[in-house]
2 protein chains.
Amino acid sequence: MNDRQTTIKKMLEAAKEVHLQQLRQVFPQVSEMTLRRDLSYLENNGYAIRTHGGAISTNKINIPDGEENEYEKRANDNILLKTAIATKAASYIEKGRSIYLDAGSTVMCLARLVEGEGCTFITSAVNTALKLSNTAHSVMQLGGQVNKNTLSCSGPDAMEMIKHINIDIAIMSASGFSIDRGFTVSNRYESQLKQAIVEKAKKVIMLMDSSKIDKDLTFTFAMLDDIDIWVTDELDKLSPLYKSYISKIQVVPT
Amino acid sequence: MNDRQTTIKKMLEAAKEVHLQQLRQVFPQVSEMTLRRDLSYLENNGYAIRTHGGAISTNKINIPDGEENEYEKRANDNILLKTAIATKAASYIEKGRSIYLDAGSTVMCLARLVEGEGCTFITSAVNTALKLSNTAHSVMQLGGQVNKNTLSCSGPDAMEMIKHINIDIAIMSASGFSIDRGFTVSNRYESQLKQAIVEKAKKVIMLMDSSKIDKDLTFTFAMLDDIDIWVTDELDKLSPLYKSYISKIQVVPT
DNA sequence: ATTAAAATGATAGAATCTAACACACAAAGT
DNA sequence: ACTTTGTGTGTTAGATTCTATCATTTTAAT
C-alpha cells in the first residue's frame, strides 16, 4: 500500500465515508482513475466498501455490536494461527460441562467455533459472552470493571462471583511465559482472577502461541505445573528443560 | 415496510448482497425505479448500504461468522426513531457522573453516541459494555446469567454487585407500559434488577417509544411516579389521564 | 364521492463506472 | 548496455447506473 492509499484509508477510518469528488480535491495531482483504483484496492483488502460515488469504511458497519478498538487490531493478527490453536483446544470440550473461557483473542477464536452442546460457559470477557450468547445454551458473565485493552471484567466483584461457580474445564490465555516466572499478564486484577480460576478448575487448558515464550510480564498467575494441557504452535523456542513436560504440550500444525 | 421490501430485506440477509438486475428478475412486475426506491428505503432504515448497481446487507461485515440473532433483528427496527429518542436522552448526561445504562436496543443507540467525559458507566448488557469500552473512561459490567434475547446479565450476582454502586442517572428501557401496570418486562430476574436500579438511582430516565404503550408484560418494575423523565416519540396514544405527567414526558420530533 | 396522500411509472440527462490501450519508469535478467 | 517484465498511471470511449422531475395510479381518509 502506497502513501496515497494509506492516507485514503485513514480518511476513511476518520470520516467513515469518502466521496470521489473529495478525493479529487485532496489529490489533484493524480487522475480520477487512479483514485478509483485505490478504492478498489482498499475494497479488495477489506478496508472499504465501494459505493456509488465513493466508498465507506468497513469499520462503519461494525458499529452495531462489533469490536473495533485496540483489541480488535491485535485480534486480527495471526488469525489463522490462533484458529488452529483454538480448533485443537475445542476438541477437549465435552458435552454438558461447565467451561470457563478466559479473555484473549485466541480464546475468542475458540468461542466462535464451539458448539458446546449443553455446556454452561462462564467468561470474564464481554466480547466472548456476546458471541457465545448466539449459540450457547447457557452463558455466565463475570462482572466488574471492564479493561478496554483485554475486554475483560475483573476485580472484587468477579472474585466474589466465582466463589459460587464450579468449573470443569478452564480455557486460559496469557501474555507471556518463561520457565522461571510461569504464565504472566500485565494487570493485577486480571492476574488475581486468573489465579483463582486456575485453582478452581478441575482441568486447565492453556492457549498460547510461541511468540509469547520467554517474555515476562508483571504478574504471574500460574506455573507450568499448574496447568494440564498447553496448546501452542511451535516448540523450537523451548529450552531442553521443557522436554519433561512434553506430554502436556500439544503442538498444532501451522 | 411492504411485502416487496420485506422480501428484498430477507434476500439481503440471506445473500449479504443483491444486484438491481437480480431484483428486476425477481420482481418483473414493478419498475426499476421502484426497486431503487426500495433499496433507498432499506438504506435509510439501516438495513442496507447501496452500492453501485445494488446494495449489501449491513450484516455482511459485522458478523463474520453466524447469522444475526434475535436481538439484532429487533435492534434494527425503527433505528432512526430509536436514535432520535437516544439523542434527546443523551442531553441529560452530565460530566463525571455515574450513569447506569439498561439493556435494550434504544439504550444501545445511546451508548453509540455518548461521549460522557469522565463518566463511569455501569451496565448489565454485554453489547453495551463492549461498545462503551471503546470510548468511555470507565465501564462496569454487572455479572450474571446472560439472556440471549436481551443480552442482559441479571440474577443474584448482579443484585449483589449493585449494592456497592452509586448511580446518579439511570437510563432505563421497558418492554411495555400501561397506566395500571406501569413499566413491565417478561423476565423475572431482569425485572428484579431494574426495580433495584430504579430505587437506587437519584434520577431515572426512561426511553420507550410509543409502540409499547398499552402493552403489559408479566413483571412490573416501576410505575410512572418512580421515574423522573420519559423520552418518547408520540403522545397521541396516551389517555387524558397522563396529562398530569406531561412535564416529565419529553417528546422528540420524528 | 371527493380529496388527500402515498406509491409507482416513465423519461431525460447527469454522474459514475468499466474496459481497453498507451505510456513512463524501475527492477531484474541477459 | 539492452531487453524484459511488471507496476503504476493517464486517457478515452462507451456502457451502466443514478437522480430529478413530472405524470399516473393506487390507497386511504373524510
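Every chain is numbered from 1, with letters handed out A, B, ... down the list of sequences. As the structure is a prediction and not an experimental result, all values here were calculated from the model. Atom set for the values below is all heavy atoms of this structure, side chains included, hydrogens, waters and symmetry mates excluded.
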Value in whole Å for how far the C1' atom of C/dT18 lies from CG of A/Leu39: 14 Å
Presence of B/Ser31 side-chain N/O under 4.0 Å of C/dT8 phosphate oxygens OP1/OP2: no
query: Looking only at side-chain N and O atoms, does B/Thr34 come under 4.0 Å of OP1 or OP2 in C/dA7?
result: no
Under 3.5 Å donor-acceptor, B/Lys248 side chain and B/Ile227 backbone: yes
message: Taking 4.0 Å as the cut-off, does a side-chain nitrogen or oxygen of B/Arg50 come that near to OP1 or OP2 on D/dT19?
response: yes
task: Can you tell me the distance, in whole Å, between the CG atom of B/Asp3 and the P atom of D/dT26?
output: 18 Å
- request: Ignoring hydrogens and angles, answer whether the base of D/dG10 and the side-chain atoms of A/Arg37 contain a donor-acceptor pair closer than 3.5 Å.
  value: yes
message: With heavy-atom distances below 4.5 Å as the criterion, would you say the side chains of B/Leu35 and B/Arg4 are in contact?
response: yes
field: Earlier contact from the 5' end, DNA chain D, for B/His52 and B/Met33
entry: B/His52
field: Between D/dT7 (P) and A/Gln5 (CD): distance, integer Å
entry: 14 Å
- prompt: CD of A/Glu32 versus P of D/dT12: gap in Å, rounded?
  reply: 13 Å
- request: Please state how far atom OH in B/Tyr41 lies from atom P in C/dA6, giving the value in whole angstrom units.
  value: 14 Å
query: For A/Ser40, which contact category applies under a 4.0 Å heavy-atom criterion: base, sugar-phosphate, or nothing?
result: nothing
Check: A/Gln25 side chain, A/Gln22 main-chain N or O, donor-acceptor pair, under 3.5 Å: no
- prompt: How long is the line joining CZ of A/Arg4 and C1' of D/dG8, in whole Å?
  reply: 8 Å
B/Leu20 CG to C/dT16 P, straight-line distance once rounded to whole Å: 18 Å
- prompt: Just how far, in rounded Å, is P of C/dA7 from CZ of B/Phe27?
  reply: 16 Å
message: With a 4.0 Å limit, can you tell me whether B/Gln29 has a side-chain N or O closer than that to the phosphate oxygens OP1/OP2 of C/dT8?
response: no
statement: Tested for side chain to side chain contact (heavy atoms under 4.5 Å, CB included) against B/Phe183, the lone hit among B/Leu217, B/Leu224, B/Asp216, B/Thr220 is B/Leu224
field: side-chain N/O A/Gln21 vs C/dA15 OP1/OP2, d < 4.0 Å
entry: no
task: Could you walk me through whether B/Met208 and B/Ile213 pass side-chain contact (heavy atoms from CB on, under 4.5 Å), step by step?
output: CA-CA 9 Å; B/Met208 202 179 92; B/Ile213 292 176; 4.2 Å; yes
